[in-house]
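Each chain gets a letter, A, B and so on, in the order its sequence line appears, and its residues count up from 1. If you're wondering where the values come from, they're calculated on a predicted model, not measured in any experiment.
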Amino acid sequence: MFAFIISRILQALPVMLTVALLSFAMFAYVGDPVAIMLGQDYTVAQRDALVADLGLDQPFFVQFAKFVVNAAQGEFGLSYRLSRPVAQLIVERAPATLELALCAAFLALAIGVPMGVYTGLYRNSWLSRFFLTFSLIGVSLPTFLIGILLILTFSVWLGWLPSFGRGDTVNVGGWSTGLLTWSGLKALILPSITLGLFQLTLIMRLVRAEMMEVLRTDYIKFARARGLTNRAVHFGHALKNTLVPVITITGLQLGAIIAFAIVTETVFQWPGMGLLFIQSVGAADIPVMSAYLLLIALMFVTINLIVDLLYYAVDPRLRIGRGKGAH
Amino acid sequence: MTAPLLEVRNLRVEFPTRRGTLVALNDVSFSIAQGEVLGVVGESGAGKSMTGAAIIGLLEPPGRIAGGEILLNGRRIDNLPYSELRKLRGREIGAIFQDPLTTLNPLYTVGAQLIETMVTHLPLNPAQARAKAIEWLELVGIPAASQRIDSYPHEFSGGMRQRVVIALALCAEPKLIVADEPTTALDVSIQAQVIALLKSLAREKGTSMMLVTHDMGVIAETADRVAVMYAGRIVEIGAVRNVVRHASHPYSAGLMGSIPPVGRRLDRMQQIDGSMPRLSAIPPGCAYNPRCPKVFDRCRVERPELMPAGDSLAACWLYAEGAPRHA
């Protein structure tokens with residue numbers, strides 16, 4: 001197990017270095033940071049001084065090595081726009097995004113899996129047909145449109161839920177959470193639905209397809225022939241066999257939820273990393289953009305590792321192959 | 001004569017399709033006495049497995065029982081509601097399927113599957129069930145059963161898995177076992193062992209068995225009586241001795257004739273020319289008439305019912321009055 005984790009981390013290193021190279025290259029090729037920092041009027045001497053000061057006269061790979069070493073320590077420099085350390089900005093914003101993303105993922109799983117099981121079991125019931133039609137909406141409507149429609153319905157017409165922001169937050173050990181206040185929870189509802197709807201329908205359709213596949217297998221037939229209860233057959237035997245692909249997709253989608261919370265955060269003015277990123281793009285705030293890029297890459301790599309570990313927890317056939325080299 | 005354990009009367013199974021209804025089983029009647037082993041043979045698609053599936057109530061939709069009745073201990077079971085039928089499965093009628101590699105759920109240990117089955121049907125607590133599960137594994141010849149009980153199916157060989165399947169089918173002590181080609185997927189060297197095990201366990205527990213196979217050797221060695229099926233009907237039924245040595249129906253005779261004799265060189269193996277008709281194109285009269293070497297006019301017009309033929313029953317006009325010449 002330990003050797004497996006180590007080998008996966010070693011495999012992740014080249015990925016992270018490649019992303020680091022890309023995000024470092026942004027400094028050199030997207031806009032001119034010196035020009036941005038100096039403003040409209042400056043002398044050649046001022047410019048040269050700043051270039052030397054920032055180390056921009058050094059060879060590319062020396063600069064890159066410095067960047068990697070700093071990044072590994074969480075040091076991404078100052079934001080051009082806000083003149084504050086990037087790491088600090090991201091740490092401030094991360095709780096908002098993570099709470100939103102986890103809440104959306106939870107919704108997607110808690111509703112998507114049962115709906116998938118139901119539509120897989122009762123293929124022809126009218127409720128299944130309704131769910132499938134509904135899932136088409138979730139798959140085909142763009143996120144921003146869903147968000148705006150939800151705001152229109154629940155904030156403008158009904159006035160039940162806030163249309164933007166996080167509501168009141170409580171600071172728990174450096175983590176600002178909106179989960180502990182009433183207004184925070186209310187503010188979380190619409191963005192979570194908006195962000196999770198696509199994943200919900202995706203998971204529902206995936207579970208449905210997998211269930212239909214598994215229900216045709218001999219071991220399900222045999223489980224029925226042994227006279228097990230429907231509940232044991234459907235949830236014990238069938239659902240567990242659908243979990244490996246579901247875990248894979250959920251893991252990847254969790255990464256996607258975090259990375260693409262940008263749209264939802266913009267629609268709801270949610271003070272998370274996505275909003276920070278989109279504002280930074282507008283201002284060509286390259287340190288923030290490159291840090292965000294690296295952070296998302298790290299998140300995907302970590303999630304993939306966790307997904308791989310979950311496979312072993314679910315499927316005993318994989319456990320053998322790993323330890324003893326048997327198959 | 002005591003009442004038979006299982007009685008099947010005029011069973012008819014249909015598959016509604018877009019191009020009309022296919023009759024998979026037509027007017028199938030037979031009975032199995034307490035402790036008796038009935039072999040069912042025939043070509044692929046003759047309806048052998050279908051008969052077994054109908055008895056345990058596991059016909060694949062859209063297949064359905066369209067007529068006739070199935071009685072277990074004098075009680076009608078073909079029209080039971082699902083929940084009643086479920087209690088019957090495993091407890092009264094056990095099933096063994098063809099491929100032990102696919103009939104066990106890969107994600108549960110064999111012990112968990114045994115315990116689950118027993119707890120569902122018998123008044124046992126989990127600890128008692130576990131002790132019983134170990135007993136069963138020993139009974140079916142799994143070495144070191146008390147350790148192997150926590151192994152997953154993939155850690156067993158094919159033959160061992162079929163032994164586990166047999167334990168699973170028998171563990172709630174059903175009165176009837178429907179064994180659908182239990183040895184077809186196994187190595188020839190293992191087949192004999194598994195059949196011997198099945199036979200001795202059935203005898204020991206007084207369990208009746210319906211043994212579906214196309215292996216005449218297995219039938220000759222195991223069954224008390226044999227039913228020969230062709231195109232969804234029973235064409236001959238009688239004591240194994242009679243049917244194997246002096247088959248009455250030309251089709252049974254062809255089947256027995258195609259068993260290669262041991263110790264004698266053959267230049268050509270005997271075969272039955274042609275192939276079984278598709279369900280959608282069963283010829284009028286006797287379904288076997290296009291392939292029958294002894295066909296005469298009546299066979300092409302009128303369908304024969306089972307009638308006494310020697311010591312067996314055969315559905316063949318050769319045994320009716322006015323036939324051209326007895327076989």
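- Both the backbone and the side chain of R86(B) come within less than 4.5 Å of a heavy atom of chain A.
- Taking both residues in full, the closest heavy atoms of Y82(B) and N230(A) are given as OH-OD1, 3.2 Å, listed atom of the first, atom of the second, then distance.
- Most heavy-atom pairs under 4.5 Å with chain A: of the set D99(B), I56(B), I96(B), L58(B), this distinction falls to L58(B).
- You'll find the side chain of P106(B) stays beyond 4.5 Å of the side chain of D315(A), heavy atoms only.
- Here CZ of R224(A) is found 11.0 Å from CG of L85(B). Values are rounded to the nearest 0.5 Å.
- Considering CG of L101(B) and CG of D218(A), their distance stands at 10.0 Å, rounded to 0.5 Å.
- Judged by distance alone, with hydrogens and angles left aside, the side-chain atoms of R226(A) form a donor-acceptor pair with the main-chain N or O of Q113(B) at under 3.5 Å.
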What do the steps show when you test L107(B) against R317(A) for side-chain contact (heavy atoms from CB on, under 4.5 Å), and what is the final call?
-> CA-CA 8 Å; L107(B) 303 188; R317(A) 283 168 294 186; 4.0 Å; yes
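- Taken to the nearest 0.5 Å, the OG1 atom of T120(B) stands 5.0 Å off from the CG atom of L228(A).
- In this structure, E213(A) places its CD atom where only 12 or fewer heavy-atom neighbours from other residues, nucleotides or ligands lie under 6.0 Å away.
- Aromatic ring orientation, F222(A) versus F97(B): perpendicular (interplanar angle above 60°, classes split at 30° and 60°).
- Each of K87(B), E116(B), H121(B), E92(B) has some count of heavy-atom pairs under 4.5 Å with chain A, and the biggest count is that of E116(B).
- Of the two parts of V165(B), the backbone and the side chain both hold a non-hydrogen atom closer than 4.5 Å to a non-hydrogen atom of chain A.
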